[in-house]
Structure formats: structure tokens, C-alpha cells
Amino acid sequence: MARTTMLTERSFFVQMISKIKDFIGAMALAAVCATSYAPEATAETITLERAYELAHANSPQIEAQGYARDAAQAQVSEAKYYWAPKFALKSQFGPMPKSKDIRSSENDIWDNFFDSWGFTTRNSLEFWLPLFTSTKVYQTHQLAKIGLEVEELRVQNEILNVEYDVARAYYGLQLATAAADVVAEAEKYVDQVETQYRKLLESGSESVKDTDQYRIDIAKANVYRLKNTIDAKRTYAEKALRVHTRLEGPFEIEAMDFDNAKEELQSQDEVLDLARANRGDLKLLDASVRAADKQAHIEWLNWWPDLVLVGEVYYKFSNAVPKLEEKNFYIKDSYNGRGFGLGFMIKWDLDPVRQVFKVRQADAKAERTRAQRELAISGIELEVTEQYQNTATALANIAITYQSRRSAKRFLTKALFDYEAGDGDVGDMISALTTFIEQRSMYLQALHDYRIALVKLQKVTGVATADTLLKQ
């Protein structure tokens, strides 16, 4: 009976262990299935416009300039509320020898030191309210507004700088991607040449030379080095794009557009007009002139007095001096009592020598700012003209390199056909392939250079988009 019971218990435990194993196996299978059928994370395709949006929201450079704008806004608010009353709370406390009885001597104070000393305290709440400042407060408020305008213009300039950096990284990544396709195509041609070389070698063709394999190996090494260089540039451009956009995880970009050769720039005079109307530096110079004039006017206003309403509420007490029992207009207690006062005060800083020269300094700074503005305007127009010529040259280079690329493609096709027919040699084939890679790379570089030049022209003119510079 006991044996039967033990067998029954053992059978029960075996069944339980078997069920647990089945359960664990089912859970593991479910986990594997869930993992197998879980959707893979797809890389987001980032357009240049989307990269701009991310940079506007995440760039530390724009964020830092935004804080400067906030500080300028706070200065405007401070100047606006200068008319609000100002308060000052003052409190004084100190030891004081108690007043002597007429029968006491000087030595009694030191003989009874602790009993002969008391304290005195005075506490007051003061306030003052500007009533008339000869428009100095108003002018200061206007000056603060100009400062805010300057910081907002600097924010716009930083946005253009960041967009230029983002565009350079984005177009650099496009160039690296397109160049990688060129290298992949070159590898196929080299493999095709090597395959054909082996066929000719096995057939005993007289066109095969002892140095052909060396030439092929050199071509493969050159392609490999070019591939490594492109990979390095791609990694750098990708990291540069993440600096301002703060992109995380994998992402893709749009393929390089090959239709830029059809674009046409506006005339140089039209672009200069756009720069005069939109260039942030010109607006900053105008704001600097207005600020200098305003500062000079404020210095001149300092010749005039200010009218202020002042008041005080006070309480004073001393246990070293007894309170006066009798008080009138002529007799007041200087140590005990409380009260308040209210009145008008004229504040007039009379330092004529110093003020004369401060006004002269402010006027001279204003004139200097005007002269600097005129010089800067000439320099800005020269910069826009130079960049316009660079952009026009880059656009013309696209058409030129496009034709040379097509010729190089025909040259490569003819050399490959001759080599496969046994009429050419490896040297001609490698030379044609090298020329093709060079011309393809030059064409891609021309497209890249034009896009970068156009974005830089956008930056130096201050327009919102590069399309504004093109004829519609």
C-alpha cells in the first residue's frame, strides 16, 4: 500500500513537471513568434525642409540667441515699469550708553558696565515715485525696444547660419551617397574587365599582356581607397547633420536631384535689391544708428531735473534715553517715536563739466556709427556681388560637366566593347574607366557646389528661401 502511494505521488510530480515544461516551452515559442513578427523600425526619410524644422526647434545655437532675446525683452519691461513706486526697508540697531543721572560720575558707567548700557534701533520703510523725468524714462524705454529689435534680428541671422550649416551637411550626405553609387558601378566595371581578361587569357588571345593583371589590381585598389574616403565623408556629414537637428537613430535622406541645370538665377541687380530689403546686417546697422542717436539724446536730457514723490514710515526706540514727555514743533524725540512723512523732491545732478563732455562723446559715437554703416553697406553689396558670381559660375559648371560626363560614358562603352572583341587592351580600358569615374565625380561635385553656393547666396541676401533667388 505504501509502495503504491509512493508510486502515485511520483507519477503526480512527474506530470506536474511535464506540464511546467510544456508551459515554459509554449511561452518561449510565443516570445519567439512575437519577436519574429514584430515590425522592424523603419528609418525616417528626412527632407531638407524637415531638417530645417528640426534645427529650428533643437539647435543650441538658435536656443542660445533666443535667451539673449528674452533678456532684451526683460529690459524693455524693466524700462516700461520704471514709473512703478520703489521701496526700501532699512533697519538700524546698536549699543548706546544710558543717559547719566546728574549725581553719577564718569566712573560709574565702567563700574556698573552692564547696567549702564542700553541699545537704540530705528526702522523705516521708504518709497519714491518718479513723477516727471524730462522724458528720460520714455527715451530709455524706446532705447530698450531698439535693443529688443536688434536681438530679434540676431535670432534671424542665427537661423540663416544654422540653415546654411544644415544644408552643407545635408548636401554633403547626398554627395557621399551618390558617389558611393559611382564607386559601386566602378567595381562592377573592374570585375567585368577582370572576367573578360581571364577569358581572353584562357583563349590564348594575343591582346593579353603580362602586365594586365597588375593594372587590374591597381584599379581595384584605387576604387577601394575611393570607397573608404567616401565612407569617411558620409560618416562626417551624417554627424554634422545631427548637430543642429538632434536626430537620433537611423534616418535616410532624399536622393540627389539632377535637374538643377534647368534653373535660372535672377539678375544681379534684382538679387542686390533683395539683399537691401532683407539682409539682417543692414537692419542691424540701421538699428545701431537709431540707438546711438537715442543714447545721445538721453545724455542731453540729463541736463534737466527730475521730480520725485518720496515718503517714509518709521519707528525708533531706545532704552538708553528716556522718552520726552513734552513734544511740540520745536522739541522732538530723536530716539523714541514713530511717524510718517510725504513730500516732493527735485533731483538735479549738476556736474556741468562732466555732462558737457558726455554729451559730446555720445554725439561723436552716433556720427561714428553712421560712418561705419556707410562703409558696411558697401562691403555687404560687394559680398553679395561676389557670391552671386560664384553661384552663377557653379550653375554654368553643371552644364559643362554634364556634357563631359556623357562623353566619358561613351568612351567607356566603346573601350569595353573593343576589349571584349579582343581589339583593345587593359590599359585603354582602365584609362577609360578612370576618366568615367573622374567625370561622374566632377558632375556630382558640380551639383553639390551649386547647391551650397545657392544656399550661401540665400544667407548673404537674407531671403527666407533659396527659391526666391530663382526665376519662376
Side-chain angles (χ1 to χ4, degrees), residues 70-144 147 295 298-359 362:
D70 295 343
Q73 180 62 63
Q75 289 180 345
V76 172
S77 300
E78 178 187 3
K80 178 181 179 181
Y81 293 106
Y82 182 81
W83 294 105
K86 284 77 175 171
F87 297 90
L89 182 62
K90 297 181 179 180
S91 181
Q92 300 174 351
F93 180 87
M96 181 178 181
K98 291 182 179 180
S99 60
K100 299 184 294 180
D101 187 272
I102 192 171
R103 296 167 295 179
S104 301
S105 64
E106 187 71 26
N107 293 330
D108 291 338
I109 296 178
W110 301 105
D111 294 339
N112 302 293
F113 181 81
F114 292 102
D115 294 334
S116 301
W117 286 80
F119 66 89
T120 180
T121 180
R122 189 182 192 280
N123 305 280
S124 64
L125 176 63
E126 301 174 357
F127 83 95
W128 60 98
L129 179 66
L131 297 179
F132 178 73
T133 61
S134 304
T135 72
K136 287 193 284 289
V137 173
Y138 172 77
Q139 298 298 335
T140 303
H141 186 209
Q142 296 303 310
L143 182 61
Q295 187 64 51
I298 291 174
E299 290 296 339
W300 181 81
L301 290 174
N302 285 333
W303 279 106
W304 305 101
D306 298 339
L307 179 62
V308 183
L309 177 65
V310 296
E312 179 186 30
V313 178
Y314 65 89
Y315 170 76
K316 50 189 177 181
F317 172 76
S318 175
N319 66 352
V321 178
K323 294 182 179 180
L324 293 178
E325 299 298 334
E326 182 181 356
K327 298 178 183 178
N328 54 42
F329 182 79
Y330 302 100
I331 301 175
K332 291 184 178 180
D333 192 339
S334 301
Y335 297 97
N336 296 279
R338 57 182 177 272
F340 69 92
L342 187 67
F344 297 99
M345 181 181 71
I346 293 180
K347 182 183 178 183
W348 200 345
D349 295 330
L350 296 176
D351 189 353
V353 175
R354 178 174 178 271
Q355 190 60 34
V356 165
F357 291 110
K358 284 184 69 66
V359 171

Enumerate the residue pairs fulfilling salt bridge (Lys or Arg N to Asp or Glu O under 4.0 Å) with a member in residues 335-351, sequence neighbours excluded, ordered by first and then second residue.
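Sorted result for residues 335-351: empty, none.
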With salt bridge (Lys or Arg N to Asp or Glu O under 4.0 Å) as the rule and sequence neighbours excluded, what pairs involving residues 304-319 come up?
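Found Arg122-Glu312, Lys136-Asp306.
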Could you grab the distance from atom [atom1] of [X] to atom [atom2] of [Y], nearest 0.5 Å is fine?
X      : Y      : atom1 : atom2 : answer
Phe93  : Phe317 : CZ    : CZ    : 10.0 Å
Ser134 : Leu307 : OG    : CG    : 9.5 Å
Thr140 : Gln75  : OG1   : CD    : 11.5 Å
Met345 : Leu131 : CE    : CG    : 10.5 Å

Set of salt bridge (charged side-chain N to carboxylate O under 4.0 Å, His left out) partners for Glu78, sequence neighbours left out:
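Residues passing salt bridge (charged side-chain N to carboxylate O under 4.0 Å, His left out) with Glu78: none at all.
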Quick one: are [X] and [Y] in side-chain contact, heavy atoms under 4.5 Å?
X      : Y      : value
Gln295 : Gln139 : no
Ile346 : Phe132 : no
Val356 : Trp303 : yes
Leu309 : Leu342 : yes

If you look at every heavy atom in [X] and [Y], which pair is closest and at what distance?
X      : Y      : value
Gly118 : Ala320 : CA-CB, 4.2 Å
Pro130 : Trp83  : O-CE3, 3.2 Å
Gln355 : Glu299 : NE2-O, 2.5 Å

Atom [atom1] of [X]: over 12 foreign heavy atoms under 6.0 Å:
X      : atom1 : result
Tyr138 : OH    : no
Phe344 : CZ    : no
Trp304 : CH2   : no

With Gln142 via side-chain hydrogen bond (donor to acceptor under 3.5 Å, both in side chains) - residues at least two apart:
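None.
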For Asn123, what residues pass the side-chain hydrogen bond (donor to acceptor under 3.5 Å, both in side chains) criterion, not counting sequence neighbours?
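For Asn123, the residues satisfying side-chain hydrogen bond (donor to acceptor under 3.5 Å, both in side chains) (neighbours in sequence not counted) are Ser91, Thr121.
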Taking only residues two or more places apart in sequence or in another chain, which ones pass side-chain contact (heavy atoms from CB on, under 4.5 Å) with Pro85?
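Expected list: Phe87, Leu129.
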Quick check against the 3.5 Å criterion: does Ser318 have a side-chain atom that pairs as donor or acceptor with the backbone of Phe119?
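Checked: pair present.
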